[in-house]
Amino acid sequence: MKKILFCISIMLSATATANPNAYDKTTDYKKIGWMDKGIEQVKAKLKDPESAQFSGVYFHRGADGVPMTCGKVNAKNSFGGYTGSERFFSAGKPHLTFLESQVDGFPGLWSKFCQ
């Protein structure tokens, strides 16, 4: 589990250092655009993306200045029932988008990138 957390942290840190000037002077519309990308990536990971209900979604610069979309999502599973809200965070790319139910050690990552 520690290896997974380490790898996720490295990937997200590399994202921030790849372009240290990106979003330096973030305006509201850039934050909204970033959040839209994050929501789009979360939907791509769901069984029924059209059923997704988002709440508490916000923009945050996590560890190492990585821009993140953080929040909660509730969506239908393959049986057609809602699974209940779960936390997520996304750096706007598929391999940098994580749902609480899909990652061991999620609370530590949430603390690092969304608080």
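Excluded from the calculations below are hydrogen atoms, water molecules and symmetry mates; all remaining heavy atoms, backbone and side chain alike, are included. Sequence positions, counted from 1, serve as the residue numbers for this chain.
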Is the backbone of [Y] close enough, under 3.5 Å, to the side chain of [X] for a donor and an acceptor to pair up by distance?
X   : Y   : value
N74 : G84 : yes
N77 : F79 : yes
T83 : A75 : yes
S90 : K37 : no

Using side-chain heavy atoms (C-beta onward) and a distance below 4.5 Å, is [X] in contact with [Y]?
X   : Y    : answer
R87 : P107 : yes
C70 : F113 : no
F88 : V57  : yes

Might you point out which heavy atoms bring [X] and [Y] nearest each other, and give the distance in Å?
X   : Y   : result
P49 : K43 : CB-O, 3.3 Å
K45 : L99 : CB-CD1, 4.0 Å
A91 : V66 : CB-CG1, 4.3 Å
K76 : K47 : O-CB, 4.1 Å

Rounded to the nearest 0.5 Å, what separation is found between the [atom1] atom of [X] and the [atom2] atom of [Y]?
X   : Y   : atom1 : atom2 : result
K31 : R61 : NZ    : CZ    : 8.5 Å
I39 : I32 : CD1   : CD1   : 10.5 Å
Q41 : H95 : CD    : NE2   : 9.5 Å

Q) Only one of Y58, F98, W34, F59 clears ring pair (Phe, Tyr, Trp, His ring centres under 6.0 Å) with F89; which? A) F98

Q.
Quick one about S101 and E86 (side-chain donor to acceptor, distance below 3.5 Å, no hydrogens or angles considered), yes or no?
A. yes

(Q) Within a 6.0 Å radius of atom NZ on K72, are there more than 12 heavy atoms belonging to other residues, nucleotides or ligands? (A) no

